[in-house]
Structure formats: structure tokens, C-alpha cells
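To start, the structure itself, in C-alpha cells.
In each ligand, atom 1 is the first atom listed, and ligand 1 is the first ligand listed. Given the structure is predicted, the values throughout are model-derived calculations rather than measurements.
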Amino acid sequence: MSETLFEQIIDREVPADIVHETETTLAFRDINPRAPVHVLVIPKTRYRNVAELAAADPRLLADVLSTAATVAEQEGIAEAGYRVTFNTGDDGGQTVYHVHAHVLGGAPLGPEAAPR
Ligand code: AMP
């Protein structure tokens with residue numbers, strides 16, 4: 001598998017606004033935020049999407065979700081509520097094929113998907 005942008009962020013070859021790091025995960029602000037708080041959480045080991053991660057390493061998926069919860073607490077949005085999404089595949093809007101959770105909040109977010 002060729003390297004994605006997110007491996008380069010993990011390796012500190014590309015700068016990012018890192019807000020939290022654990023042994024297995026990294027959280028950094030999305031460069032193009034779609035909410036007042038928009039943080040991406042990635043596992044340091046690459047899987048293409050959440051389905052592959054869930055099948056291969058459920059414990060690592062739990063780490064990603066746990067880091068998402070920690071980030072929400074840290075950003076002060078846990079109590080008001082927030083959204084965690086995994087865009088998956090082209091129709092799901094995925095553009096970077098290293099699985100990542102979007103943690104979105106800081107304002108009412110509206111409906112989950114655009115109406116048809
Ligand atoms: P997705 O479209 O679900 O694959 O999400 C990829 C996300 O990565 C998008 O929301 C982009 O805005 C974000 N992104 C792209 N480049 C960077 C970067 N250098 N640093 C932080 N976020 C980025």
C-alpha cells in the first residue's frame with residue numbers, strides 16, 4: 001500500500017495541529033473544518049476504512065473511539081453533544097484511504113446527510 005497523507009502526519013513529515021496522542025492513535029484538527037470543532041482521529045496502523053479496521057483489530061477500533069471521546073471532553077463539547085463519523089468509500093465521501101473518525105461539534109449539526 002502506498003503512503004497516504006495521514007502516514008506522513010504520523011511520521012511528522014507533514015505538519016498538523018495535533019490535539020491528542022496515545023500509543024495507538026493520533027488526533028489532529030481538520031484543515032477544512034465543517035463545524036466549530038472538527039478533529040480527525042486516526043489509528044497509527046493503517047487500515048483503508050472502518051470495516052477493515054473492525055474486522056482486523058477491534059481493540060484498535062475501540063482505541064480510536066476512546067480517543068474521540070477524550071477529544072470531545074478536551075474540546076468542551078462532550079456535554080452538549082457531538083458527532084463521530086467514518087466516511088467510507090467514494091459514495092460515503094471518503095477522500096483519504098487511511099481510516100479516520102471525524103469528531104464534529106460545538107454547534108447544532110443538523111441532519112446526518114443531505115436530503116435526496
Ligand atoms: P474524508 O473526506 O472523510 O476522507 O476526510 C478527509 C479529511 O482530511 C477532510 O475533511 C480534509 O479536510 C482533511 N484533510 C486533508 N488534508 C489535511 C491536512 N493536511 N491536515 C488535516 N486535515 C486534512
Side-chain angles (χ1 to χ4, degrees):
M1 271 196 291
S2 61
E3 248 200 11
T4 69
L5 171 67
F6 290 173
E7 273 85 74
Q8 294 175 311
I9 289 177
I10 291 166
D11 293 339
R12 308 304 202 262
E13 291 165 8
V14 168
D17 186 357
I18 294 169
V19 297
H20 193 71
E21 182 168 17
T22 69
E23 207 175 302
T24 57
T25 67
L26 190 68
F28 51 93
R29 291 191 198 286
D30 197 294
I31 205 166
N32 178 26
R34 265 88 80 203
V37 174
H38 188 171
V39 172
L40 302 176
V41 180
I42 63 174
K44 289 181 178 174
T45 302
R46 180 177 175 199
Y47 293 95
R48 278 176 59 83
N49 58 48
V50 70
E52 285 191 12
L53 171 58
D57 195 342
R59 189 178 296 183
L60 184 56
L61 173 56
D63 288 351
V64 170
L65 292 173
S66 171
T67 296
T70 299
V71 165
E73 288 285 351
Q74 205 175 280
E75 297 289 319
I77 59 173
E79 200 169 322
Y82 59 98
R83 183 173 291 159
V84 178
T85 59
F86 292 89
N87 294 339
T88 305
D90 293 344
D91 278 4
Q94 186 172 6
T95 57
V96 179
Y97 281 82
H98 178 131
V99 59
H100 49 283
H102 293 258
V103 180
L104 296 146
L109 295 173
E112 182 92 20
R116 303 188 62 176

Give the atoms of ligand 1, by number and element, whose distance to some non-hydrogen atom of [X] is under 4.0 Å.
X: His102; value: 1 (P), 3 (O), 5 (O), 10 (O)
X: Asn32; value: 12 (O)
X: Phe6; value: 8 (O)
X: Phe28; value: 21 (C)
X: Leu40; value: 7 (C), 8 (O), 13 (C), 22 (N)
X: His100; value: 1 (P), 3 (O), 4 (O), 5 (O), 6 (C)
X: Arg34; value: 9 (C), 10 (O), 12 (O)
X: Arg29; value: 21 (C)

Just need the protein heavy atom nearest to [atom], so name the residue and atom and give the distance.
atom: atom 4 (O) of ligand 1; answer: Thr95 N, 2.6 Å
atom: atom 16 (N) of ligand 1; answer: Leu5 CD2, 3.2 Å
atom: atom 10 (O) of ligand 1; answer: Asp30 OD2, 2.5 Å
atom: atom 22 (N) of ligand 1; answer: Ile31 N, 3.2 Å

Is [X] close to ligand 1, meaning an N/O of one under 3.5 Å from an N/O of the other?
X: Gly93; answer: yes
X: Ile9; answer: no
X: His38; answer: no

Do the two ring centres, one from His100 and one from His102, sit under 6.0 Å apart? yes

ILVMFWY cluster, [X] and [Y] together (side-chain gap under 4.5 Å):
X: Val96; Y: Val19; answer: no
X: Leu40; Y: Leu104; answer: no
X: Ile10; Y: Leu60; answer: no

Is Ala16 close enough to touch ligand 1? Criterion: a residue heavy atom under 4.0 Å from a ligand atom. no

Please verify whether a non-hydrogen atom of Phe86 lies at under 4.0 Å from ligand 1. no

So, does Asn49 use its side chain to make a donor-acceptor pair with the main chain of Ala51 at under 3.5 Å? yes

Under 3.5 Å, side chain of His98 to main-chain N/O of Pro43, donor-acceptor pair present?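 Checking the backbone N and O of Pro43 against the side chain of His98, a donor-acceptor pair under 3.5 Å is found.
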
Nearest 0.5 Å, please: how far is CG in Leu61 from OG1 in Thr25?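 Rounded to the nearest 0.5 Å, the OG1-CG separation comes to 11.5 Å.
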
Once ring pair (Phe, Tyr, Trp, His ring centres under 6.0 Å) is applied, do any residues pair with His20, and if so which ones, sequence neighbours excluded? none

Test of understanding: with salt bridge (charged side-chain N to carboxylate O under 4.0 Å, His left out), list the residues that count as partners of Arg12, not counting sequence neighbours.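 So Arg12 forms a salt bridge (charged side-chain N to carboxylate O under 4.0 Å, His left out) with Glu21.
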
Is Tyr82 close to Leu109 at the side-chain level, that is, under 4.5 Å between some pair of heavy atoms?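 Result no, sub-4.5 Å side-chain heavy-atom pair not found.
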
Going by heavy atoms in the side chains, are Arg46 and Tyr97 under 4.5 Å from each other?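 A side-chain contact under 4.5 Å exists here.
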
